[in-house]
Amino acid sequence: MITAIGRKTLSVYIASAELAALLLGAVTNGFSLFRKGRRPIFQVFLRQIFFTGNEALQVIFVISLAVGVAIISQISNVADAGRGSLIGKIFVWVVIRELGPLITALVIIARSGSAIAIELGQMKYKGEIQYLETLGIPGEQYLLMPRILGVGVALFILNIYFNIVAVSSGILVASLGWQIPVATIKQGIISALSLQELFISCAKSLIFGLVIAAVGCRAGLNVGDSITHIPQAGTRAVMLSLILVFLSNVLVSLIYLL
């Protein structure tokens with residue numbers, strides 16, 4: 001029993017250290033990249049932003065539209081038309097601070113987290129990563145850093161897009177369906193939407209993106225000699241990303257409350 005607990009604790013510690021090293025290396029190499037302007041790596045970075053963001057735009061739009069309508073409908077049943085300002089404040093606290101970063105992260109986990117793990121797993125299985133190293137191309141800079149930073153930036157942008165669509169749809173439904181004055185809702189949103197609220201929402205989305213990509217990269221690099229390890233890497237990346245995203249969300253929220 002004690003041995004099993006010790007092994008589990010050690011494996012968790014090793015995994016955490018590897019993820020921390022990936023994130024630290026990505027950020028450090030990112031500053032070096034933008035300073036030196038290495039074009040091939042920068043192109044991989046831009047492609048990662050495009051594919052992660054562009055492929056998720058339609059899904060994010062539908063979900064944010066549904067969330068905005070659902071949230072404002074429930075809030076309107078609690079707060080009557082005379083308290084539109086309160087509706088705006090609750091909308092900021094629920095959607096922009098919590099649901100926006102979290103839901104966009106879940107979409108990216110499903111679409112890009114597993115894809116990164118499978119892509120790198122296939123490259124390792126076929127020996128492509130080792131081949132790049134023999135050519136003198138640093139795998140960490142060319143393969144890992146642009147993917148980690150690219151997903152982080154893409155999720156940051158998608159979170160802003162989600163919040164805009166959700167807030168706009170909520171205001172529209174509240175105005176047309178419950179005849180709540182748009183001005184009072186906007187007043188509540190503006191009064192609650194401080195720089196601190198925006199910072200928390202943006203920080204969550206950026207952290208979630210970095211974590212998701214780092215988990216996917218680690219899972220792909222840990223693929224063994226069997227081809228069956230590749231889909232397993234995608235599954236492990238999704239499950240671990242879900243756990244870490246929810247834990248990160250709780251941690252950031254607790255730090256904000258303190």
Can you tell me how far the CZ atom of F199 sits from the CG atom of L206, to the nearest 0.5 Å? 9.5 Å
What closest approach, in Å, do I148 and C217 show between heavy atoms, and which atom pair accounts for it? CG1-SG, 4.0 Å
Does atom CG of L176 have more than 12 heavy-atom neighbours from other groups under 6.0 Å away? yes
I want to check something: taking the side chain as every heavy atom from C-beta on, are I212 and L155 in contact at a cut-off of under 4.5 Å? yes
Check against side-chain contact (heavy atoms from CB on, under 4.5 Å), N159 and I96: CA-CA 9 Å; N159 175 54; I96 295 179; over 6 Å; no
Minimum side-chain heavy-atom gap V238-V215 below 4.5 Å: no
Atom pair CZ/CD of R147 and Q48 - distance to nearest 0.5 Å: 6.0 Å
Determine, using the 4.5 Å side-chain heavy-atom cutoff (strictly less than), whether V92 and V173 are members of one ILVMFWY cluster. yes
Give the minimum heavy-atom separation between H229 and R236, together with the two atoms involved. O-NH2, 4.4 Å
Approximate separation, where rounding is to 0.5 Å, of S112 OG and E119 CD: 10.5 Å
Hey, does T104 have a side-chain heavy atom less than 4.5 Å from the side chain of F208? no
How long is the gap from CD1 on I230 to NZ on K126, to the nearest 0.5 Å? 7.5 Å
Counting only N and O atoms by type, is there a donor-acceptor contact under 3.5 Å from the side chain of T52 to the main-chain atoms of I49? no
Determine whether F50 and I116 fall in the same hydrophobic cluster, where Ile, Leu, Val, Met, Phe, Trp and Tyr are linked whenever their side-chain heavy atoms lie under 4.5 Å apart. no
List the atom of A233, the atom of V223, and the distance in Å for their closest heavy-atom pair. CB-CG2, 3.7 Å
Mind listing the closest non-hydrogen atom pair of E98 and S253 along with its distance? OE2-OG, 3.3 Å
So do V151 and L210 actually touch side chain to side chain, heavy atoms under 4.5 Å? no
Heavy-atom side-chain proximity of V211 to S241 below 4.5 angstrom: no
So among V59, V95, L99, V165, which one has a side-chain contact (heavy atoms from CB on, under 4.5 Å) with S64? V165
When you group the ILVMFWY residues by side-chain heavy-atom contacts below 4.5 Å and let the links chain together, are I190 and I200 in the same group? no
Show your reasoning for whether side-chain contact (heavy atoms from CB on, under 4.5 Å) applies to V107 and R111. CA-CA 6 Å; V107 173; R111 296 187 63 89; 4.0 Å; yes
Check: N249 side chain, V245 main-chain N or O, donor-acceptor pair, under 3.5 Å: no
So, do L251 and L247 sit near enough that their side-chain heavy atoms are less than 4.5 Å apart? no
Residue pair A237 / A117: nearest heavy atoms and the distance that separates them: CB-CB, 3.8 Å
May I ask whether I118 and F51 are part of the same hydrophobic cluster, defined by side-chain heavy atoms of I, L, V, M, F, W, Y residues being less than 4.5 angstrom apart, directly or through others? no
Heavy atoms only: give me the nearest P101-K204 pair and the separation to one decimal. CB-CB, 3.7 Å
Mind checking the CD1-CD1 spacing from I60 to I108? Nearest 0.5 Å is all I need. 6.0 Å
Heavy-atom distance under 4.5 Å between the side chains of M145 and L149, does that happen here? yes
Step by step, would you call F61 with Y161 a side-chain contact (heavy atoms from CB on, under 4.5 Å)? CA-CA 8 Å; F61 177 80; Y161 176 73; 3.3 Å; yes
Determine whether a donor-acceptor pair (N or O, by modelled atom type, separation under 3.5 Å) exists between the side chain of S201 and the backbone of L198. no
Quick check: is L221 connected to Y125 through a chain of hydrophobic side chains (ILVMFWY, heavy atoms under 4.5 Å apart)? no
Does F91 reach the side chain of N163, with side-chain heavy atoms less than 4.5 Å apart? no
When you look at I189 and I171, which way does the side-chain contact (heavy atoms from CB on, under 4.5 Å) test go after all the steps? CA-CA 10 Å; I189 292 176; I171 292 176; 3.9 Å; yes
Rounded to the nearest 0.5 Å, what separation is found between the OG1 atom of T228 and the CD atom of Q232? 5.0 Å
